[in-house]
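Both ligands and their constituent atoms are indexed starting at 1 by order of listing. These numbers come from the heavy atoms of this one structure, side chains and all, not from hydrogens, waters or symmetry mates.
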Amino acid sequence: MSEPRVFLPGSTVGVMGGGQLGRMFAIAARRMGYRVHTFSPDEDTPTGQLADREVAAAYDDEAAVRDFARGIDVLTFEFENIPSQTVAWASEECEVRPSGRVLHTCQHRLREKLFLVGAGLPLPRFEQIESEADLTHAVAKLGTPCVLKTAAFGYDGKGQTKIDGDTDLAATWARYEGTPAVLEAWVPFAREISVIVARSAAGQTVSYPVCENQHAHHILDLTLVPARIAHDVAARARQLAGRVAEALGLIGILAVEMFELPDGEILINELAPRPHNSGHFSFDASITSQFEQQLRAVCGLPLGSGELLRPCAMANLLGDLWANGEPDWAAAAAFPEVKIHLYGKAGARPGRKMGHLVAFGADPAEAASRVVAARHALVAGR
Ligand code: AMP
């Protein structure tokens, strides 16, 4: 096997996608002396504002994709739902990490679950649904409550329906008709956790301390690090994440979202082969952020330490905070232990991720109460 290619500082890294994950990646990459080009359908994107070059074109514009790929050394992603054909075109022009195969697996819930089953990894019971008859049969098999999820392109709880004993299955299926879906058994979890793990081109893996995630309306609201879970459960969660990265043959960074059951058992919910919202804490609180780690992995460098410098908590800032005008940034800045991150997005819509805060504390609970207080201060006087 030939040695994996290494791209040293001065090289140009391309990022597909233009959101905040690419923005923080661009900050990390530029700090290490790399050039960053970004490709997405939009202009003046959060990533584009920090990149050396921003290309606004459709993912199915073959000429634009090939031209973009010829202008970079290695391509990575901040968004996994890039069409396979786009990745295939780029792969003919430059190195692509992680590979199109990894993206293909993770951009489709059913393929992802079948991969996890094949790798012997634990996940909630599920059934593939293609018709109303499948749904009726699967609900009887898995019991209620259960959750119907679209197989493709779902995130932040979009495309999900909880099914109870009295749910009208025909009416539910009518909304999914023609869309392949997955029915999942309901998981009575004690906690939602995630692990960020990186795997280098040379096969080295580094995982981060476990994140404890709290959601509001299906969107991540708060992350506490380290998660307040038993040491053996944390060790198992990190080990599972490493096994997923190995089994995928990942080169890059991966978030593994998991459910912790009351008895400490862990089930894998979802994979994202890119930096993840729950890993934002690492930008301020880790020796190597998830973004620098992605850069190191895709450039073929040795990985950095994932060690946490201090207990911390991250709170998302959604567009809802703008309902009564611009939030009071000075009030949040008055918390000396709080870091403010804003993504440069112009339109603050409800549910849109506009930025986040990170706070430190003697323990994760203290950090969480600080970060929540700072977020509250943003709107307290409004
Ligand atoms: P997902 O888009 O699959 O990550 O789901 C979004 C959120 O819905 C999760 O973070 C959980 O809070 C909840 N959820 C999803 N699937 C299940 C399940 N099988 N059992 C219980 N809660 C779930």
Side-chain angles (χ1 to χ4, degrees), residues 19 21 79-81 103 105-117 121-129 134-135 138-165 167 169 172 175-176 179-197 210-225 227-229 237 240-241 244 254-280 314-316 318 351-353 356:
L21 303 171
F79 172 65
E80 70 269 38
N81 291 325
L103 257 64
T105 301
C106 299
Q107 65 190 201
H108 191 273
R109 217 180 270 281
L110 182 63
R111 281 200 291 271
E112 184 174 284
K113 286 183 186 298
L114 294 173
F115 154 76
L116 291 170
V117 170
L121 292 156
L123 70 163
R125 291 185 303 137
F126 70 94
E127 295 289 328
Q128 178 177 354
I129 311 294
D134 284 352
L135 181 62
V139 170
K141 189 165 171 189
L142 297 181
T144 53
C146 51
V147 197
L148 185 64
K149 304 180 175 181
T150 50
F153 302 117
Y155 63 95
D156 288 344
K158 292 193 173 69
Q160 296 196 13
T161 309
K162 187 174 175 186
I163 293 178
D164 292 305
T167 302
L169 297 184
T172 303
R175 285 187 279 115
Y176 283 74
T179 326
V182 175
L183 187 75
E184 252 180 59
W186 187 253
V187 180
F189 56 79
R191 258 182 226 89
E192 291 192 74
I193 59 177
S194 58
V195 175
I196 309 293
V197 60
V210 180
C211 303
E212 175 178 340
N213 300 322
Q214 297 175 11
H215 294 81
H217 311 293
H218 290 286
I219 301 176
L220 184 65
D221 183 50
L222 275 184
T223 296
L224 286 73
V225 195
R228 295 166 296 175
I229 56 176
L240 278 178
V244 176
L254 171 78
V256 184
E257 293 184 50
M258 310 174 197
F259 297 123
E260 186 206 353
L261 300 184
D263 64 359
E265 191 190 340
I266 295 169
L267 299 177
I268 297 176
N269 174 28
E270 240 180 5
L271 309 178
R274 51 160 171 81
H276 192 257
N277 196 168
S278 65
H280 287 359
M314 186 276 322
N316 268 337
L318 300 185
R352 191 174 194 205
K353 291 174 181 171
H356 67 270

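- Close contacts of ligand 1 with Phe189, meaning ligand atoms under 4.0 Å from a residue heavy atom, involve 21 (C), 22 (N).
- The contact set between ligand 1 and Arg109, taken as ligand atoms under 4.0 Å from a residue heavy atom, comprises 2 (O), 3 (O).
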Hey, can you pull the donor-acceptor pairs under 3.5 Å for the side chains in residues 254-266, sequence neighbours left out?
{"from": "Glu257", "atom 1": "OE2", "to": "His276", "atom 2": "NE2", "distance (Å)": "3.1"}
{"from": "Glu260", "atom 1": "OE1", "to": "Arg191", "atom 2": "NH1", "distance (Å)": "2.6"}
{"from": "Asp263", "atom 1": "OD1", "to": "Glu265", "atom 2": "N", "distance (Å)": "2.9"}

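- Side-chain N or O atoms of Asn316 include one that pairs as donor or acceptor with a backbone N or O of Leu220 at under 3.5 Å.
- For the side-chain hydrogen bond (donor to acceptor under 3.5 Å, both in side chains) test, residues two or more places apart in sequence or in another chain that qualify with Gln128 are Glu130.
- Between Glu192 and ligand 1, a contact under 3.5 Å exists for at least one N or O pair.
- Across Glu184, Gln214, His218, heavy-atom proximity to atom 8 (O) of ligand 1 is greatest for His218.
- Contacts with ligand 1 closer than 4.0 Å are made by no heavy atom of Asn213, backbone or side chain.
- Side-chain contact between Asp134 and Glu127 is absent, with no heavy atoms from C-beta onward closer than 4.5 Å.
- The residues Lys149 and Glu184 are annotated as salt-bridged, a charged nitrogen and a carboxylate oxygen being separated by less than 4.0 angstrom.
- A heavy-atom separation below 4.0 Å is found between Ala185 and ligand 1.
- Side-chain contact between Arg228 and Leu224 is present, with at least one heavy-atom pair separated by less than 4.5 Å.
- Of all the atoms in ligand 1, the ones that sit under 4.0 Å from a non-hydrogen atom of Val187 are 18 (C), 19 (N), 20 (N), 21 (C).
- Within ligand 1, counting atoms from 1 as listed, the ones closer than 4.0 Å to a heavy atom of His215 are 10 (O).
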